[in-house]
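What follows is a short report on a single structure.
Fair warning: this is a prediction, and the values are worked out from it, not measured in the lab.
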Amino acid sequence: MNRHWEQWLAAGIPSAEVDRAVAYQERWGGLVLPPAPHYDGGPKYLGTDVPEGSPAEGWWFEAGPQRTAVPYSFMIGPQGEFGIHADRWTPLHRTIEGWVEALALAHHASTWARQTTKITGDEVDALALDTFEPVQEVEGLTDTWWRGSDSLVAVYAGEAESLSAPRCRTALIYSGLDEWGLYGGVPDGKNEKGL
């Protein structure tokens, strides 16, 4: 066992929480992901640090250091959620896999969309998403993705929630997508050009 982990146990951090942080580090530690389109790029790389919290409120540990100066930390929550911690804990995705899926989808959508539109604040509430379906793979909690007939919409509400700043709500609308752009797979055995 790493000597840091032994120190965590000696400091009174429950062994189950140390095990959770160790498992995260073993699976994700050192992974460098492309910058996220929001949260000033997200973590620089994935890696954990000393778990924080208490038996009453639960335990968190760092998901990875900030890529740039932001007023919050990227954390893994008590139930394995990926989120940010500033004025308060705000889970963005149900799992770290959800965050990774969201990054992959953002890269895919930005590559294939004919147009990308950014809206913020109250305009985000005016989005008509009733004909859209949620993208389940991102396991969205505060941040969500939606799939329409020719567009994908990413709604980022984590900063607004964590910092009590509604003006920080942001949505990116990736429009002009064909089936390849919407799903990222080749439909019905056809190639990318539909042949």
Side-chain angles (χ1 to χ4, degrees), residues 32-46 49 52-53 57-58 60-177 181-182:
V32 177
L33 297 168
H38 200 63
Y39 304 106
D40 221 0
K44 187 176 190 177
Y45 58 87
L46 300 181
D49 202 348
E52 306 169 16
E57 63 182 6
W60 294 262
F61 56 85
E62 184 177 295
Q66 297 98 324
R67 189 179 298 266
T68 62
V70 289
Y72 44 78
S73 298
F74 297 99
M75 306 289 279
I76 302 299
Q79 305 302 315
E81 317 94 313
F82 176 90
I84 59 175
H85 207 306
D87 295 342
R88 63 175 162 254
W89 162 243
T90 304
L92 306 177
H93 299 272
R94 192 167 286 108
T95 63
I96 184 65
E97 290 87 352
W99 168 258
V100 173
E101 287 286 343
L103 285 180
L105 188 56
H107 176 73
H108 174 81
S110 66
T111 300
W112 292 95
R114 292 194 176 152
Q115 179 177 341
T116 302
T117 306
K118 178 180 178 179
I119 60 174
T120 59
D122 293 338
E123 290 182 62
V124 175
D125 292 334
L127 275 174
L129 296 173
D130 40 327
T131 60
F132 286 64
E133 64 182 43
V135 177
Q136 301 296 335
E137 293 83 357
V138 302
E139 301 183 80
L141 295 172
T142 307
D143 288 357
T144 54
W145 276 80
W146 301 85
R147 182 179 285 117
S149 60
D150 70 346
S151 56
L152 288 164
V153 178
V155 178
Y156 300 101
E159 287 179 344
E161 183 74 25
S162 190
L163 302 170
S164 301
R167 70 186 181 286
C168 290
R169 286 186 319 259
T170 301
L172 294 175
I173 304 162
Y174 301 96
S175 54
L177 294 166
L182 287 172

Original post:
Taking the six-membered ring for Trp, is the centroid-to-centroid distance between Phe132 and Trp145 below 6.0 Å?
Top reply: no
Subject >> Value rounded to 0.5 Å, distance of CG in Leu33 from OH in Tyr45 >> reply: 13.0 Å
Subject >> side-chain contact (heavy atoms from CB on, under 4.5 Å) between Ile76 and Trp60, worked out >> reply: CA-CA 6 Å; Ile76 302 299; Trp60 294 262; over 6 Å; no
Subject >> Backbone N/O of Gly140 and side chain of Thr144: donor-acceptor pair under 3.5 Å >> reply: no
**OP:** State whether the side chain of Ser162 and the backbone N or O of Arg88 hold a donor-acceptor pair below 3.5 Å, judged by distance alone.
**Re:** yes
**OP:** Tell me yes or no: between the side chains of Tyr72 and Gln66, is some donor less than 3.5 Å from an acceptor?
**Re:** no
**OP:** Identify the heavy atoms of Ala160 and Pro166 that sit nearest to each other, and give their distance.
**Re:** CB-CA, 4.0 Å
**OP:** State whether the side chain of Ser110 and the backbone N or O of Ala106 hold a donor-acceptor pair below 3.5 Å, judged by distance alone.
**Re:** yes
Subject >> Salt bridge present between Glu133 and Arg147 (N-O < 4.0 angstrom) >> reply: yes
Original post:
Under the side-chain contact (heavy atoms from CB on, under 4.5 Å) criterion, do Val153 and Leu129 qualify, and how do the steps go?
Top reply: CA-CA 9 Å; Val153 178; Leu129 296 173; 4.2 Å; yes
Subject >> Side-chain heavy-atom pair Phe61, Asp49 within 4.5 angstrom cut-off >> reply: no
Original post:
Taking Thr95 for the side chain and Glu81 for the main chain, is one N or O donor matched with an acceptor at less than 3.5 Å?
Top reply: no
Original post:
How many angstroms lie between NZ in Lys118 and CG in Leu172, if you round to the nearest 0.5 Å?
Top reply: 7.0 Å
Subject >> Spacing of NZ belonging to Lys44 relative to CZ belonging to Arg67, to within rounding of 0.5 Å >> reply: 8.5 Å
**OP:** Give a yes or no answer on whether the side chain of His93 reaches the backbone of Val138 with a donor-acceptor pair at less than 3.5 Å.
**Re:** yes
Subject >> Positive for side-chain hydrogen bond (donor to acceptor under 3.5 Å, both in side chains) with Asp143, one of Tyr39, Tyr156, Trp99 >> reply: Tyr39
**OP:** Would you check if Phe82 and Pro43 make a side-chain contact, meaning some heavy-atom pair closer than 4.5 Å?
**Re:** yes
Original post:
With a 4.0 Å cut-off, would you call Asp125 and Arg169 a salt bridge?
Top reply: yes
**OP:** Could you check if a side-chain atom of Ser151 sits within less than 4.5 angstrom of a side-chain atom of Tyr174, using non-hydrogen atoms only?
**Re:** no
Subject >> From CD (Glu101) to CD1 (Ile96), nearest 0.5 Å >> reply: 11.5 Å
**OP:** Verify, without hydrogens or angle tests, whether His38 (side chain) and Thr170 (backbone) share a donor-acceptor contact under 3.5 angstrom.
**Re:** no
Original post:
Given the rule in the side-chain contact (heavy atoms from CB on, under 4.5 Å) test, do Leu182 and Leu152 qualify, once you have shown the distances and angles that lead to the verdict?
Top reply: CA-CA 7 Å; Leu182 287 172; Leu152 288 164; 4.2 Å; yes
Subject >> Which atom of Ile84 lies closest to which atom of Glu159, heavy atoms considered >> reply: CD1-N, 3.9 Å
**OP:** Quick one: do Glu52 and His85 satisfy side-chain contact (heavy atoms from CB on, under 4.5 Å)? Show the steps, please.
**Re:** CA-CA 11 Å; Glu52 306 169 16; His85 207 306; over 6 Å; no
Subject >> Rounded distance [0.5 Å steps], CG in Leu92 versus CZ in Phe74 >> reply: 8.0 Å
Subject >> Nearest heavy-atom neighbours spanning Pro71 and Leu163 >> reply: CG-CD1, 4.1 Å
